[in-house]
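Everything on this sheet refers to the single structure shown next.
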Amino acid sequence: MAPLTSRRRTPAGQHPVDEVLPLSKLTLYGFQHVLAFYAGAVLVPIILGNSLGLSPQELIYLINADLVTAGIATVIQAWGFWRIGARLPLVQGATFTAVSPMIAIGQGAGGGTAGLLVVYGAVITGGIATYLLAPFVGRLAKYFPPIVTGTLLTVIGIVLIPVALQDVGGGSDLVGSPSYGDPGNLAYAGGTLLSILLLTRFGPPFVRSIAVLVGLVGGTAVAWLLGDVDFRLAGEAHWIGVSTPFHYGMPQFSVFPMLAMVVVMLITMVETTGDVYAMGEITGREVDGDTVGRALRADGVATVLGGIFNSFPYVAFAENIGLVRITRITSRFVVVAAGFFMILLGLIPKAGAVVAAVPHPVLGGAAVAMFGMIATVGIQILSKADLRDERNALILAVSIGAAMLPTVVGPFFDRMPTEVRAVLGSGITLGSLAAILLNLFFHASAARGAAEDIDWDGLVEHDDGIGRETAVR
(Lines give C-alpha, C1' and ligand atoms only; values in the text may rest on other atoms or scores of the structure.)
Protein backbone atom coordinates (compact mmCIF):
# COMPACT_ATOMS: atom_id res chain seq x y z
CA MET A 1 0.00 0.00 0.00
CA ALA A 2 1.42 3.39 -0.96
CA PRO A 3 1.78 5.92 1.85
CA LEU A 4 -1.02 8.48 1.99
CA THR A 5 1.26 11.49 1.68
CA SER A 6 0.64 14.89 0.14
CA ARG A 7 0.95 15.25 -3.62
CA ARG A 8 2.71 18.63 -3.35
CA ARG A 9 6.30 18.86 -4.51
CA THR A 10 8.94 19.24 -1.85
CA PRO A 11 12.63 20.11 -2.11
CA ALA A 12 14.83 17.22 -3.11
CA GLY A 13 15.64 14.99 -0.16
CA GLN A 14 13.07 16.63 2.11
CA HIS A 15 10.29 14.47 3.48
CA PRO A 16 6.78 16.02 3.28
CA VAL A 17 6.55 15.73 7.07
CA ASP A 18 9.39 18.27 7.38
CA GLU A 19 8.01 20.71 4.80
CA VAL A 20 7.42 24.25 6.07
CA LEU A 21 4.37 25.61 4.27
CA PRO A 22 3.70 29.30 3.57
CA LEU A 23 2.34 31.23 6.54
CA SER A 24 -1.15 31.50 5.04
CA LYS A 25 -1.42 27.73 4.66
CA LEU A 26 0.08 27.07 8.07
CA THR A 27 -2.60 29.34 9.54
CA LEU A 28 -5.51 27.80 7.64
CA TYR A 29 -4.54 24.15 8.07
CA GLY A 30 -3.43 24.70 11.66
CA PHE A 31 -6.76 26.23 12.63
CA GLN A 32 -8.52 23.30 10.96
CA HIS A 33 -6.68 20.96 13.35
CA VAL A 34 -7.83 23.08 16.28
CA LEU A 35 -11.45 22.78 15.14
CA ALA A 36 -11.16 18.99 14.86
CA PHE A 37 -9.43 18.82 18.25
CA TYR A 38 -11.47 21.32 20.25
CA ALA A 39 -14.68 19.43 21.02
CA GLY A 40 -12.89 16.34 22.33
CA ALA A 41 -10.29 18.36 24.19
CA VAL A 42 -12.67 20.37 26.35
CA LEU A 43 -14.79 17.34 27.32
CA VAL A 44 -12.19 16.15 29.84
CA PRO A 45 -12.08 19.34 31.98
CA ILE A 46 -15.87 19.71 31.74
CA ILE A 47 -16.58 16.14 32.85
CA LEU A 48 -13.97 16.19 35.62
CA GLY A 49 -14.92 19.67 36.84
CA ASN A 50 -18.63 18.83 37.01
CA SER A 51 -17.96 15.51 38.75
CA LEU A 52 -15.84 17.19 41.44
CA GLY A 53 -18.36 19.97 41.97
CA LEU A 54 -16.19 22.86 40.81
CA SER A 55 -17.74 26.31 40.54
CA PRO A 56 -18.37 27.79 37.05
CA GLN A 57 -15.38 30.12 37.50
CA GLU A 58 -13.11 27.19 38.45
CA LEU A 59 -14.41 25.21 35.48
CA ILE A 60 -13.57 28.07 33.11
CA TYR A 61 -10.05 28.23 34.53
CA LEU A 62 -9.69 24.44 34.11
CA ILE A 63 -10.71 24.61 30.44
CA ASN A 64 -8.24 27.39 29.67
CA ALA A 65 -5.43 25.65 31.54
CA ASP A 66 -6.13 22.51 29.51
CA LEU A 67 -5.92 24.39 26.20
CA VAL A 68 -2.66 26.13 27.10
CA THR A 69 -1.01 22.90 28.24
CA ALA A 70 -2.30 20.97 25.22
CA GLY A 71 -0.83 23.63 22.95
CA ILE A 72 2.58 23.45 24.62
CA ALA A 73 2.47 19.64 24.53
CA THR A 74 1.58 19.64 20.82
CA VAL A 75 4.49 21.92 19.95
CA ILE A 76 6.84 19.64 21.92
CA GLN A 77 5.56 16.50 20.17
CA ALA A 78 5.49 17.85 16.59
CA TRP A 79 8.52 20.14 16.62
CA GLY A 80 10.64 18.03 18.93
CA PHE A 81 13.84 18.77 20.78
CA TRP A 82 16.71 16.58 21.89
CA ARG A 83 15.22 13.07 22.27
CA ILE A 84 11.73 14.30 23.09
CA GLY A 85 8.94 14.43 20.49
CA ALA A 86 8.16 12.14 17.56
CA ARG A 87 8.52 15.00 15.02
CA LEU A 88 5.32 13.80 13.37
CA PRO A 89 2.05 15.71 12.85
CA LEU A 90 0.63 14.43 16.16
CA VAL A 91 -1.68 16.66 18.20
CA GLN A 92 -1.54 16.19 21.98
CA GLY A 93 -4.75 16.17 24.01
CA ALA A 94 -6.03 15.15 27.44
CA THR A 95 -6.69 11.41 27.44
CA PHE A 96 -10.17 10.03 28.10
CA THR A 97 -8.52 6.98 29.66
CA ALA A 98 -7.69 9.02 32.76
CA VAL A 99 -11.16 10.59 33.21
CA SER A 100 -12.73 7.89 35.36
CA PRO A 101 -9.62 7.32 37.55
CA MET A 102 -9.23 11.10 38.08
CA ILE A 103 -12.88 11.36 39.13
CA ALA A 104 -12.42 8.47 41.58
CA ILE A 105 -9.22 10.01 42.98
CA GLY A 106 -10.73 13.49 43.28
CA GLN A 107 -13.97 12.36 44.86
CA GLY A 108 -12.09 10.07 47.23
CA ALA A 109 -10.10 13.11 48.40
CA GLY A 110 -13.27 15.08 49.13
CA GLY A 111 -13.97 16.63 45.73
CA GLY A 112 -13.58 20.29 44.79
CA THR A 113 -10.15 21.87 44.62
CA ALA A 114 -8.92 19.65 47.47
CA GLY A 115 -9.59 16.65 45.26
CA LEU A 116 -7.77 18.31 42.37
CA LEU A 117 -4.59 18.59 44.44
CA VAL A 118 -4.47 14.81 44.90
CA VAL A 119 -5.26 14.33 41.21
CA TYR A 120 -2.35 16.60 40.22
CA GLY A 121 0.07 14.74 42.48
CA ALA A 122 -0.92 11.51 40.75
CA VAL A 123 -0.69 13.13 37.29
CA ILE A 124 2.85 14.38 37.91
CA THR A 125 3.87 10.91 39.11
CA GLY A 126 2.30 9.29 36.05
CA GLY A 127 4.17 11.68 33.75
CA ILE A 128 7.52 10.92 35.38
CA ALA A 129 6.85 7.18 35.11
CA THR A 130 5.96 7.54 31.41
CA TYR A 131 9.18 9.41 30.68
CA LEU A 132 11.31 6.84 32.49
CA LEU A 133 9.58 3.82 30.95
CA ALA A 134 9.60 5.20 27.38
CA PRO A 135 12.85 3.47 26.30
CA PHE A 136 11.56 0.10 27.47
CA VAL A 137 8.17 0.15 25.76
CA GLY A 138 9.40 -2.17 23.03
CA ARG A 139 10.26 -4.81 25.59
CA LEU A 140 6.87 -4.41 27.26
CA ALA A 141 4.87 -4.60 24.01
CA LYS A 142 4.62 -8.40 24.16
CA TYR A 143 2.48 -8.04 27.27
CA PHE A 144 -0.13 -6.03 25.35
CA PRO A 145 -1.43 -8.32 22.58
CA PRO A 146 -4.71 -7.54 20.79
CA ILE A 147 -6.81 -9.27 23.46
CA VAL A 148 -5.44 -6.82 26.04
CA THR A 149 -5.39 -3.60 24.01
CA GLY A 150 -8.78 -4.34 22.47
CA THR A 151 -10.26 -5.10 25.88
CA LEU A 152 -8.77 -1.91 27.35
CA LEU A 153 -10.33 0.34 24.72
CA THR A 154 -13.64 -1.51 24.86
CA VAL A 155 -13.70 -1.11 28.63
CA ILE A 156 -12.89 2.61 28.39
CA GLY A 157 -15.82 3.19 26.03
CA ILE A 158 -18.26 1.07 28.02
CA VAL A 159 -17.39 2.76 31.32
CA LEU A 160 -17.53 6.29 29.90
CA ILE A 161 -20.86 5.86 28.08
CA PRO A 162 -22.87 6.00 31.38
CA VAL A 163 -21.11 9.31 32.13
CA ALA A 164 -22.38 10.64 28.82
CA LEU A 165 -25.88 9.28 29.47
CA GLN A 166 -25.93 11.00 32.85
CA ASP A 167 -25.34 14.27 31.05
CA VAL A 168 -28.15 13.37 28.66
CA GLY A 169 -30.44 13.25 31.70
CA GLY A 170 -29.34 16.72 32.80
CA GLY A 171 -26.01 16.22 34.58
CA SER A 172 -24.77 14.53 37.73
CA ASP A 173 -25.72 17.53 39.87
CA LEU A 174 -29.42 16.98 39.02
CA VAL A 175 -29.58 13.26 39.87
CA GLY A 176 -32.54 12.70 42.18
CA SER A 177 -34.21 16.00 41.33
CA PRO A 178 -37.52 16.27 39.40
CA SER A 179 -35.78 17.90 36.43
CA TYR A 180 -33.39 14.96 35.96
CA GLY A 181 -34.52 12.95 32.95
CA ASP A 182 -36.85 15.67 31.66
CA PRO A 183 -37.99 14.91 28.07
CA GLY A 184 -36.57 18.27 27.00
CA ASN A 185 -33.09 17.07 28.00
CA LEU A 186 -33.51 14.01 25.83
CA ALA A 187 -34.61 16.23 22.94
CA TYR A 188 -31.48 18.38 23.21
CA ALA A 189 -29.21 15.30 23.40
CA GLY A 190 -31.01 13.51 20.57
CA GLY A 191 -30.94 16.58 18.36
CA THR A 192 -27.22 17.04 18.92
CA LEU A 193 -26.47 13.40 18.18
CA LEU A 194 -28.71 13.42 15.10
CA SER A 195 -26.94 16.48 13.69
CA ILE A 196 -23.56 14.77 14.17
CA LEU A 197 -24.79 11.66 12.37
CA LEU A 198 -26.24 13.66 9.47
CA LEU A 199 -23.08 15.74 9.05
CA THR A 200 -20.95 12.61 9.14
CA ARG A 201 -23.15 10.91 6.55
CA PHE A 202 -23.74 13.75 4.11
CA GLY A 203 -21.13 16.43 4.85
CA PRO A 204 -17.94 17.05 2.86
CA PRO A 205 -14.65 15.78 4.38
CA PHE A 206 -13.85 19.00 6.25
CA VAL A 207 -17.34 19.23 7.76
CA ARG A 208 -17.14 15.57 8.78
CA SER A 209 -13.91 16.31 10.62
CA ILE A 210 -15.67 18.94 12.77
CA ALA A 211 -19.07 17.24 13.04
CA VAL A 212 -18.89 17.06 16.83
CA LEU A 213 -17.99 20.73 17.14
CA VAL A 214 -20.80 21.75 14.77
CA GLY A 215 -23.23 19.56 16.70
CA LEU A 216 -22.24 21.16 20.01
CA VAL A 217 -22.52 24.68 18.59
CA GLY A 218 -25.87 23.93 16.97
CA GLY A 219 -27.32 22.27 20.06
CA THR A 220 -26.15 25.13 22.27
CA ALA A 221 -27.60 27.70 19.87
CA VAL A 222 -31.00 26.00 19.92
CA ALA A 223 -30.94 25.80 23.71
CA TRP A 224 -30.00 29.49 23.89
CA LEU A 225 -32.88 30.47 21.61
CA LEU A 226 -35.22 28.53 23.90
CA GLY A 227 -33.81 30.26 26.99
CA ASP A 228 -31.92 27.27 28.43
CA VAL A 229 -28.37 28.68 28.21
CA ASP A 230 -26.89 31.38 30.40
CA PHE A 231 -23.93 33.25 28.94
CA ARG A 232 -23.65 35.78 31.76
CA LEU A 233 -20.38 34.25 32.95
CA ALA A 234 -18.91 34.75 29.49
CA GLY A 235 -19.80 38.42 29.71
CA GLU A 236 -18.19 38.71 33.14
CA ALA A 237 -15.01 36.77 32.23
CA HIS A 238 -11.79 38.62 31.39
CA TRP A 239 -10.46 38.78 27.87
CA ILE A 240 -6.93 37.81 28.94
CA GLY A 241 -5.93 35.32 31.62
CA VAL A 242 -2.72 33.44 32.34
CA SER A 243 -2.63 29.91 33.77
CA THR A 244 -0.11 29.91 36.61
CA PRO A 245 1.67 26.87 38.07
CA PHE A 246 -0.01 25.25 41.09
CA HIS A 247 -2.98 27.62 40.89
CA TYR A 248 -4.99 25.58 43.40
CA GLY A 249 -2.06 24.91 45.74
CA MET A 250 0.79 22.42 45.95
CA PRO A 251 -0.06 18.91 44.69
CA GLN A 252 -0.69 16.19 47.26
CA PHE A 253 1.12 12.91 46.69
CA SER A 254 -0.79 9.86 47.93
CA VAL A 255 0.47 6.33 47.25
CA PHE A 256 -2.63 4.64 45.86
CA PRO A 257 -3.73 7.50 43.59
CA MET A 258 -0.16 7.67 42.27
CA LEU A 259 -0.22 3.93 41.60
CA ALA A 260 -3.58 4.24 39.83
CA MET A 261 -2.26 6.97 37.52
CA VAL A 262 0.88 4.98 36.68
CA VAL A 263 -1.39 2.12 35.60
CA VAL A 264 -3.43 4.56 33.50
CA MET A 265 -0.30 5.88 31.82
CA LEU A 266 0.87 2.34 31.03
CA ILE A 267 -2.41 1.88 29.19
CA THR A 268 -2.02 5.17 27.30
CA MET A 269 1.52 4.18 26.29
CA VAL A 270 0.02 1.29 24.35
CA GLU A 271 -2.48 3.67 22.72
CA THR A 272 0.24 6.17 21.78
CA THR A 273 2.38 3.41 20.27
CA GLY A 274 -0.46 2.52 17.92
CA ASP A 275 -1.03 6.19 17.06
CA VAL A 276 2.63 6.72 16.17
CA TYR A 277 2.77 3.67 13.89
CA ALA A 278 -0.51 4.71 12.27
CA MET A 279 0.84 8.21 11.59
CA GLY A 280 4.02 6.73 10.15
CA GLU A 281 1.89 4.66 7.77
CA ILE A 282 -0.19 7.67 6.73
CA THR A 283 2.74 10.03 6.17
CA GLY A 284 5.15 7.49 4.71
CA ARG A 285 7.79 8.24 7.34
CA GLU A 286 9.59 5.26 8.83
CA VAL A 287 8.75 4.64 12.47
CA ASP A 288 11.01 2.60 14.74
CA GLY A 289 11.45 2.00 18.45
CA ASP A 290 13.38 5.25 18.83
CA THR A 291 10.49 7.23 17.31
CA VAL A 292 8.04 5.58 19.70
CA GLY A 293 10.35 6.29 22.62
CA ARG A 294 10.60 9.98 21.71
CA ALA A 295 6.80 10.18 21.37
CA LEU A 296 6.32 8.61 24.79
CA ARG A 297 8.89 10.93 26.36
CA ALA A 298 6.85 13.82 24.98
CA ASP A 299 3.75 12.28 26.59
CA GLY A 300 5.60 12.10 29.88
CA VAL A 301 6.86 15.68 29.75
CA ALA A 302 3.40 16.93 28.73
CA THR A 303 1.74 15.04 31.58
CA VAL A 304 4.16 16.47 34.14
CA LEU A 305 3.38 19.93 32.75
CA GLY A 306 -0.29 19.05 33.10
CA GLY A 307 0.12 18.40 36.80
CA ILE A 308 2.06 21.63 37.26
CA PHE A 309 -0.24 23.85 35.20
CA ASN A 310 -3.54 22.54 36.67
CA SER A 311 -4.36 20.20 33.82
CA PHE A 312 -4.31 16.49 32.88
CA PRO A 313 -2.36 13.57 31.38
CA TYR A 314 -1.62 14.14 27.69
CA VAL A 315 -1.25 11.67 24.85
CA ALA A 316 -1.28 11.70 21.05
CA PHE A 317 -4.83 12.69 20.10
CA ALA A 318 -6.25 10.11 17.69
CA GLU A 319 -9.01 12.41 16.43
CA ASN A 320 -6.50 14.48 14.44
CA ILE A 321 -4.79 11.51 12.84
CA GLY A 322 -7.82 11.07 10.64
CA LEU A 323 -7.67 14.71 9.56
CA VAL A 324 -4.13 14.16 8.29
CA ARG A 325 -5.32 11.10 6.41
CA ILE A 326 -8.26 12.95 4.81
CA THR A 327 -6.38 16.11 3.80
CA ARG A 328 -2.99 14.51 3.05
CA ILE A 329 -1.39 17.61 4.56
CA THR A 330 1.41 15.83 6.38
CA SER A 331 3.64 18.74 7.42
CA ARG A 332 4.33 18.59 11.14
CA PHE A 333 4.66 22.37 11.20
CA VAL A 334 0.93 22.62 10.48
CA VAL A 335 0.40 20.88 13.83
CA VAL A 336 2.97 23.18 15.45
CA ALA A 337 0.85 26.10 14.23
CA ALA A 338 -2.22 24.39 15.73
CA GLY A 339 -0.38 24.19 19.04
CA PHE A 340 0.20 27.94 19.05
CA PHE A 341 -3.49 28.50 18.27
CA MET A 342 -4.42 26.35 21.29
CA ILE A 343 -2.15 28.39 23.55
CA LEU A 344 -3.73 31.60 22.25
CA LEU A 345 -7.27 30.31 22.89
CA GLY A 346 -6.26 29.16 26.37
CA LEU A 347 -5.20 32.70 27.23
CA ILE A 348 -8.73 34.02 26.54
CA PRO A 349 -11.00 33.19 29.54
CA LYS A 350 -14.06 34.34 27.64
CA ALA A 351 -13.60 31.37 25.29
CA GLY A 352 -13.55 29.00 28.25
CA ALA A 353 -16.65 30.65 29.70
CA VAL A 354 -18.56 30.10 26.48
CA VAL A 355 -17.58 26.41 26.44
CA ALA A 356 -18.57 26.01 30.10
CA ALA A 357 -22.08 27.25 29.23
CA VAL A 358 -22.77 24.30 26.91
CA PRO A 359 -25.85 22.53 28.39
CA HIS A 360 -25.27 19.07 29.87
CA PRO A 361 -27.75 17.31 27.54
CA VAL A 362 -26.08 18.81 24.47
CA LEU A 363 -22.68 17.71 25.75
CA GLY A 364 -24.08 14.27 26.56
CA GLY A 365 -25.42 13.79 23.04
CA ALA A 366 -21.98 14.42 21.56
CA ALA A 367 -20.23 12.35 24.23
CA VAL A 368 -22.38 9.30 23.51
CA ALA A 369 -20.98 9.23 19.97
CA MET A 370 -17.38 9.89 21.00
CA PHE A 371 -17.27 7.40 23.86
CA GLY A 372 -19.08 4.81 21.79
CA MET A 373 -16.42 5.18 19.11
CA ILE A 374 -13.72 4.40 21.66
CA ALA A 375 -15.46 1.09 22.40
CA THR A 376 -15.76 0.48 18.65
CA VAL A 377 -12.00 0.82 18.22
CA GLY A 378 -11.56 -1.79 20.94
CA ILE A 379 -13.95 -4.17 19.22
CA GLN A 380 -12.07 -3.78 15.93
CA ILE A 381 -8.76 -4.58 17.60
CA LEU A 382 -10.39 -7.56 19.33
CA SER A 383 -11.13 -8.92 15.85
CA LYS A 384 -7.39 -9.65 15.61
CA ALA A 385 -7.55 -11.85 18.72
CA ASP A 386 -8.76 -15.45 18.60
CA LEU A 387 -11.93 -15.24 20.68
CA ARG A 388 -12.64 -18.90 19.92
CA ASP A 389 -9.88 -19.58 22.44
CA GLU A 390 -11.77 -19.79 25.74
CA ARG A 391 -8.86 -18.15 27.55
CA ASN A 392 -9.13 -15.02 25.44
CA ALA A 393 -12.91 -15.10 25.75
CA LEU A 394 -12.59 -15.24 29.56
CA ILE A 395 -10.11 -12.34 29.60
CA LEU A 396 -12.64 -10.19 27.74
CA ALA A 397 -15.68 -11.37 29.71
CA VAL A 398 -14.18 -11.01 33.18
CA SER A 399 -12.54 -7.67 32.39
CA ILE A 400 -15.83 -6.14 31.20
CA GLY A 401 -17.56 -7.49 34.31
CA ALA A 402 -14.86 -6.05 36.56
CA ALA A 403 -15.08 -2.69 34.79
CA MET A 404 -18.83 -2.46 35.38
CA LEU A 405 -18.62 -3.33 39.08
CA PRO A 406 -17.90 0.20 40.42
CA THR A 407 -20.69 1.63 38.26
CA VAL A 408 -23.35 -0.90 39.24
CA VAL A 409 -22.40 -1.64 42.86
CA GLY A 410 -20.62 1.51 44.01
CA PRO A 411 -21.27 0.81 47.74
CA PHE A 412 -18.69 -1.99 47.58
CA PHE A 413 -15.99 0.61 47.12
CA ASP A 414 -17.55 3.32 49.28
CA ARG A 415 -16.74 1.13 52.29
CA MET A 416 -13.07 0.83 51.32
CA PRO A 417 -10.28 3.16 52.49
CA THR A 418 -9.91 6.28 50.34
CA GLU A 419 -6.53 5.19 48.97
CA VAL A 420 -7.83 1.79 47.88
CA ARG A 421 -10.96 3.33 46.38
CA ALA A 422 -8.79 5.63 44.24
CA VAL A 423 -7.36 2.53 42.52
CA LEU A 424 -10.22 0.04 42.52
CA GLY A 425 -13.13 2.50 42.43
CA SER A 426 -12.49 3.27 38.77
CA GLY A 427 -14.07 0.89 36.30
CA ILE A 428 -11.41 1.68 33.71
CA THR A 429 -8.54 0.91 36.07
CA LEU A 430 -10.19 -2.22 37.48
CA GLY A 431 -11.08 -3.58 34.04
CA SER A 432 -7.64 -2.76 32.64
CA LEU A 433 -5.84 -4.45 35.53
CA ALA A 434 -8.05 -7.50 35.08
CA ALA A 435 -7.18 -7.72 31.37
CA ILE A 436 -3.44 -7.34 31.93
CA LEU A 437 -3.24 -9.78 34.85
CA LEU A 438 -5.49 -12.40 33.24
CA ASN A 439 -3.42 -12.24 30.05
CA LEU A 440 -0.29 -12.89 32.09
CA PHE A 441 -2.07 -15.74 33.89
CA PHE A 442 -3.27 -17.46 30.72
CA HIS A 443 -0.44 -16.51 28.36
CA ALA A 444 2.64 -16.33 30.56
CA SER A 445 4.88 -17.57 27.75
CA ALA A 446 6.74 -14.70 26.11
CA ALA A 447 6.68 -16.60 22.85
CA ARG A 448 2.90 -16.77 22.95
CA GLY A 449 2.68 -13.08 23.77
CA ALA A 450 5.03 -12.15 20.96
CA ALA A 451 3.11 -14.27 18.47
CA GLU A 452 -0.09 -12.43 19.32
CA ASP A 453 1.52 -8.98 19.31
CA ILE A 454 -0.32 -6.25 17.42
CA ASP A 455 0.58 -5.88 13.76
CA TRP A 456 0.80 -2.09 13.86
CA ASP A 457 1.53 -1.92 10.12
CA GLY A 458 -1.83 -3.58 9.52
CA LEU A 459 -3.73 -0.86 11.33
CA VAL A 460 -4.64 2.40 9.64
CA GLU A 461 -6.44 4.90 11.81
CA HIS A 462 -8.82 7.49 10.47
CA ASP A 463 -11.36 9.90 11.84
CA ASP A 464 -14.91 10.09 10.60
CA GLY A 465 -15.72 13.20 12.58
CA ILE A 466 -16.96 11.60 15.78
CA GLY A 467 -13.89 9.86 17.11
CA ARG A 468 -11.20 7.38 16.22
CA GLU A 469 -11.75 4.39 14.01
CA THR A 470 -9.16 1.76 13.22
CA ALA A 471 -9.44 -0.01 9.88
CA VAL A 472 -7.78 -3.40 9.64
CA ARG A 473 -6.37 -4.08 6.21
Side-chain angles (χ1 to χ4, degrees), residues 40-55 58-59 62-63 65-66 93-123 125-126 155-169 171-175 248 251-252 254 256-265 267-268 303 306-307 310-315 356 360 363-364 367-368 370-371 374 402-414 416-433:
V42 299
L43 280 175
V44 174
I46 290 175
I47 292 172
L48 179 64
N50 287 330
S51 299
L52 298 187
L54 298 185
S55 69
E58 290 167 337
L59 183 57
L62 208 60
I63 291 170
D66 174 39
T95 173
F96 287 114
T97 309
V99 171
S100 185
M102 287 192 296
I103 290 173
I105 291 170
Q107 290 179 343
T113 56
L116 280 178
L117 295 181
V118 180
V119 169
Y120 292 146
V123 168
T125 303
V155 160
I156 291 169
I158 289 175
V159 170
L160 287 179
I161 285 173
V163 177
L165 294 177
Q166 199 170 58
D167 274 335
V168 169
S172 59
D173 54 332
L174 294 183
V175 174
Y248 299 105
Q252 303 296 314
S254 185
F256 283 98
M258 290 161 58
L259 175 62
M261 196 55 63
V262 170
V263 172
V264 168
M265 294 309 295
I267 296 167
T268 62
T303 300
N310 324 291
S311 198
F312 316 101
Y314 287 88
V315 297
H360 284 284
L363 181 66
V368 165
M370 297 187 69
F371 295 159
I374 296 175
M404 295 304 297
L405 187 60
T407 300
V408 178
V409 197
F412 281 159
F413 304 93
D414 294 340
M416 294 181 180
T418 301
E419 294 81 3
V420 176
R421 188 165 66 245
V423 178
L424 301 182
S426 161
I428 291 177
T429 305
L430 197 59
S432 301
L433 283 173

From [atom1] ([X]) to [atom2] ([Y]), nearest 0.5 Å:
X: Ile46; Y: Leu54; atom1: CD1; atom2: CG; result: 12.0 Å
X: Leu52; Y: Leu59; atom1: CG; atom2: CG; result: 10.5 Å
X: Gln166; Y: Ile161; atom1: CD; atom2: CD1; result: 14.0 Å
X: Thr113; Y: Glu58; atom1: OG1; atom2: CD; result: 5.5 Å

Minimum heavy-atom separation for [X] and [Y], please, with both atom names.
X: Asp167; Y: Gly364; answer: CB-CA, 3.7 Å
X: Gly126; Y: Val262; answer: CA-CG2, 4.4 Å
X: Tyr248; Y: Leu117; answer: O-CD2, 3.6 Å
X: Pro162; Y: Ile158; answer: CD-O, 2.9 Å
X: Val155; Y: Gly431; answer: CG1-CA, 4.3 Å
X: Asn310; Y: Ala65; answer: O-CB, 3.7 Å

- Go through the structure and list residues passing side chain to side chain contact (heavy atoms under 4.5 Å, CB included) with Val119, not counting sequence neighbours.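 Counting only residues at least two positions away or on another chain, Val119 forms a side chain to side chain contact (heavy atoms under 4.5 Å, CB included) with Met102, Ile105, Val123.
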- Which residues share a side chain to side chain contact (heavy atoms under 4.5 Å, CB included) with Thr95, sequence neighbours left out: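 For Thr95, the residues satisfying side chain to side chain contact (heavy atoms under 4.5 Å, CB included) (neighbours in sequence not counted) are Thr97, Ala98, Thr268, Pro313, Val315.
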- Message: Between Met261 and Thr125, is the side chain to side chain contact (heavy atoms under 4.5 Å, CB included) condition met? List the steps.
- Response: CA-CA 7 Å; Met261 196 55 63; Thr125 303; 6.0 Å; no
- Query: Quick one: side-chain hydrogen bond (donor to acceptor under 3.5 Å, both in side chains) partners of Ser311, sequence neighbours excluded?
  - Reply: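 Result, side-chain hydrogen bond (donor to acceptor under 3.5 Å, both in side chains) vs Ser311: Tyr314.
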- Message: A side-chain contact here means heavy atoms from C-beta on lying under 4.5 Å apart; do Leu62 and Phe312 qualify?
- Response: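 Leu62 reaches Phe312 side chain to side chain.
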